[in-house]
Each structure stands twice: as C-alpha cells, then as structure tokens.
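What follows is a short report on a single structure.
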Amino acid sequence: MRNEVDPAAAIAPQIYRLLRQAIVTLEYLPGQRLSEQEIGARFGVSRQPVREAFIKLSEAGLVRILPQRGTFVVRISLKDVANARFVREAVEVAVATAACAVAPPEALDRLGELIAQQKEAAASDDQRLFLRYDEAFHRTLAEAVECASAWPFIEDVKAQMDRVRYLSLPAASPMSLLIDQHAEIVKAIAARDAERAGDAMRLHLREILNSLPRLARAHPELFEDDEMPAHAREAASATFGRDVAPA
C-alpha cells in the first residue's frame with residue numbers, strides 16, 4: 001500500500017480509499033486488527049481522519065468496530081457477496097441495455113481500448129492493474145449512458161465482491177475469460193442488441209457465483225461460516241446448471 005497522502009485534499013477519503021484497497025487485495029487479512037495510531041503514523045496524519053475512514057469502511061462492511069476492543073477486518077461473507085452481486089446485476093444489466101440505444105461511438109472506442117489494456121495486464125500477470133482496467137470498463141459504461149452516478153452506487157455495494165474478485169484471479173476466474181466476457185458485452189452494444197447485451201452482462205456478473213464455492217473451500221480462514229441466499233442459488237442453477245452451496 002502506497003503511503004502518499006495529498007495534504008491539499010480531504011484526508012479521510014484518501015485514507016479510506018487506501019485502506020479499502022489494502023483490504024481488497026488482502027494486504028490486511030480477515031481478522032486482523034487495525035490501529036488508528038499505527039495507520040495515522042504510517043500516513044503522517046492525525047487519528048481523526050483515520051477514525052472517519054474506519055467508520056466508512058464499517059459502513060462498507062469491510063471492518064467491524066468493537067468498543068473497547070478495536071477495529072478488525074471482517075471475514076468475507078458469502079451472503080453479503082451474493083447480495084451485493086444481486087444489486088449490482090440489476091443496475092449494470094440496465095446500463096448495458098440502455099447503452100445499446102444511447103452509447104456514442106467514442107464510448108465504444110474507449111471500451112475497446114480498455115479491453116486491449118486488460119489483455120496487456122493479463123499478459124504480464126498484473127492482477128491489480130487488470131482489476132483497475134476492469135473497474136474503468138464498468139465506469140465507462142455508466143458514463144456512456146449519461147448515468148455516471150450509477151458507478152459510485154455500485155462502488156458502495158461491491159466492496160465484499162472486490163475481495164473475492166481479487167482472490168479469484170487467476171486460478172478460479174481466468175483473466176482471459178473475463179476479457180472475453182467484456183468483449184461480448186461490447187459486441188452486443190455495438191450491434192445495438194439490447195437483449196444480447198443484457199444477457200452478456202448478466203453472465204459476466206454471475207461468474208463470481210461460479211468461483212465463490214471453490215474459493216470458500218480453498219480458503220476457509222478468510223470466509224464467514226454462512227450460507228448463500230436463495231436468489232444466489234437460483235441464479236447459479238439457472239446459469240451454470242448447479243447449486244452454489246460450498247460442499
């Protein structure tokens with residue numbers, strides 16, 4: 001995690017973003033205690049903006065603040081991941097179908113550039129860069145339909161998903177597969193085929209349901225002992241022909 005904080009900008013949001021990235025990429029592991037004093041010293045800031053960042057991380061479901069005990073990174077909840085994916089699918093399928101009607105050619109060109117950049121990141125096995133381009137791809141889609149506010153909303157709900165997405169690369173969800181799924185979304189939008197675009201986005205966002213059971217079995221120390229909600233089991237069965245409950 002880089003230590004640079006811009007003193008000319010609001011401090012707490014910067015600390016939040018840096019800590020969120022560190023948690024998502026498993027630099028801070030589930031169950032690990034976070035110290036306001038240590039993090040403040042690391043970034044050269046007072047404890048107040050760190051405390052504010054902790055509160056926002058708690059709201060995102062990434063840490064748990066226990067009075068008199070401290071702040072701890074939470075384990076990954078199967079239920080929370082599945083619920084975040086459910087909400088994200090509703091928004092992004094709508095974005096993809098709307099893009100078929102209103103996305104300008106330059107937006108499609110930008111999406112193509114991001115796919116090319118993802119291929120380069122995959123070739124160099126740079127997972128962090130790959131996921132950065134992945135986020136840019138989905139943000140560009142929201143901007144293409146003139147609904148840029150959709151992206152901050154998605155960011156708020158997908159924090160738990162992000163840890164699984166990072167953990168799933170490259171073994172559980174090959175980067176080449178995700179690139180192909182992005183390419184199919186763009187092809188459908190370019191063809192102005194709303195049904196195809198919606199189906200392509202739906203399949204893309206359900207990929208996490210395919211990898212999640214394997215990851216929970218492989219890394220039990222990172223996951224809560226909870227269960228998938230019914231909507232996730234139904235979606236996985238409809239898409240992949242099986243249930244998703246970890247065995």
Side-chain angles (χ1 to χ4, degrees), residues 1-66 70-74 76 80 84 87-88 91-92 95 106-107 109-111 113-118 120-122 124-167 169 175 182:
M1 179 173 58
R2 62 185 178 84
N3 294 339
E4 297 86 355
V5 172
D6 181 1
I11 301 299
Q14 295 181 74
I15 301 296
Y16 166 75
R17 286 193 296 270
L18 291 168
L19 292 178
R20 185 186 189 281
Q21 179 70 7
I23 292 171
V24 164
T25 58
L26 304 178
E27 181 178 341
Y28 290 134
L29 293 172
Q32 184 171 345
R33 185 178 185 274
L34 302 181
S35 164
E36 288 181 8
Q37 183 175 354
E38 290 176 3
I39 291 174
R42 179 172 185 174
F43 293 111
V45 301
S46 69
R47 295 175 64 172
Q48 180 59 34
V50 177
R51 187 175 299 117
E52 292 175 17
F54 281 4
I55 292 171
K56 189 167 177 60
L57 288 167
S58 175
E59 293 170 351
L62 291 175
V63 304
R64 184 174 292 119
I65 301 173
L66 302 177
T71 298
F72 298 84
V73 179
V74 302
I76 301 170
D80 288 349
V87 174
R88 185 176 180 183
V91 175
E92 292 218 59
V95 167
E106 55 268 25
D109 292 342
R110 176 57 181 153
L111 292 171
E113 292 171 0
L114 287 167
I115 290 173
Q117 290 171 320
Q118 280 195 297
E120 293 176 1
S124 60
D125 198 29
D126 190 331
Q127 298 175 29
R128 295 192 185 201
L129 186 59
F130 180 90
L131 289 176
R132 189 183 308 163
Y133 291 137
D134 180 273
E135 295 216 344
F137 179 92
H138 289 271
R139 184 176 62 249
T140 299
L141 266 178
E143 293 169 349
V145 300
E146 297 186 13
C147 190
S149 60
W151 181 247
F153 174 79
I154 292 167
E155 277 195 309
D156 283 344
V157 302
K158 73 184 185 72
Q160 288 278 23
M161 288 182 69
D162 285 344
R163 289 201 287 180
V164 175
R165 289 168 62 240
Y166 184 82
L167 189 61
L169 297 176
M175 287 185 272
H182 278 181

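Bear in mind the structure is a predicted one, so any value in this text is a computation, not a measurement. What you see below is based on every heavy atom in this structure, not just the backbone, and it leaves out hydrogens, waters and symmetry mates.
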Worksheet entry | For Ile154, all residues meeting side-chain contact (heavy atoms from CB on, under 4.5 Å), sequence neighbours excluded | Arg88, Val91, Glu92, Trp151, Lys158
Item to complete: Would you give the length of the straight line joining atom CD1 of Ile39 to atom CG of Leu34, rounded to the nearest 0.5 angstrom?
Response: 4.5 Å
Worksheet item: Can you list the residues that meet the side-chain contact (heavy atoms from CB on, under 4.5 Å) rule with Val74, with sequence neighbours excluded?
Response: Arg64, Gln160, Arg163
Enumerate donor-acceptor pairs with a distance under 3.5 Å from any side-chain N or O in residues 7-21 to protein atoms, sequence neighbours excluded.
| from | atom 1 | to | atom 2 | distance (Å) |
| --- | --- | --- | --- | --- |
| Gln14 | OE1 | Asp6 | N | 2.8 |
| Gln14 | NE2 | Asp6 | O | 2.9 |
| Gln14 | NE2 | Ala10 | O | 3.0 |
| Arg20 | NH1 | Asp162 | OD2 | 3.1 |
| Arg20 | NH2 | Glu155 | O | 3.4 |
| Arg20 | NH2 | Asp162 | OD2 | 2.9 |

Worksheet item: Taking only residues two or more places apart in sequence or in another chain, which ones pass side-chain hydrogen bond (donor to acceptor under 3.5 Å, both in side chains) with Arg139?
Response: none
Worksheet item: Within a radius of less than 6.0 Å around CD of Glu106, do more than 12 heavy atoms belonging to other residues, nucleotides or ligands occur?
Response: yes
Discussion item. Once side-chain contact (heavy atoms from CB on, under 4.5 Å) is applied, do any residues pair with Leu129, and if so which ones, sequence neighbours excluded?
Written reply: Ala121, Asp126, Arg132, Tyr133
Worksheet entry | Residue pair Gln127 / Leu169: nearest heavy atoms and the distance that separates them | OE1-O, 3.2 Å
Discussion item. Between Thr140 and Ala136 (side chain of the first, backbone of the second, donor and acceptor by atom type, cut-off under 3.5 Å), is there such a pair?
Written reply: yes
Response to the item:
In this structure, OG of Ser149 is separated from CD of Glu143 (nearest 0.5 Å) by 11.0 Å
Fill in: Those residues that, when tested against Gln48, pass side-chain hydrogen bond (donor to acceptor under 3.5 Å, both in side chains) (two or more places apart)
Arg51, Glu52
Item to complete: Nearest 0.5 Å please: distance from the CD atom of Gln32 over to the CG atom of Leu26.
Response: 10.5 Å
Worksheet item: Can you tell me how far the OG1 atom of Thr25 sits from the OH atom of Tyr166, to the nearest 0.5 Å?
Response: 5.5 Å
Practice prompt. Answer whether the closest heavy-atom distance between the side chains of Val87 and Phe153 falls below 4.5 Å.
Written response: yes
Worksheet entry | Pairing residues for Glu113 by the side-chain hydrogen bond (donor to acceptor under 3.5 Å, both in side chains) criterion, not counting sequence neighbours | Arg110
Practice prompt. Not counting sequence neighbours, which residues clear side-chain hydrogen bond (donor to acceptor under 3.5 Å, both in side chains) with Asp80? List them please.
Written response: none
Fill in: ring-ring contact (aromatic ring centres under 6.0 Å, His included) partners of Phe137, counting only residues at least two apart
His182
Response to the item:
Rounded to the nearest 0.5 Å, the OG1 atom of Thr71 sits from the CD1 atom of Ile55 at a distance of 9.0 Å
Item to complete: Please round to the nearest 0.5 Å and tell me the distance separating atom CZ of Phe72 and atom CZ of Phe54.
Response: 11.0 Å
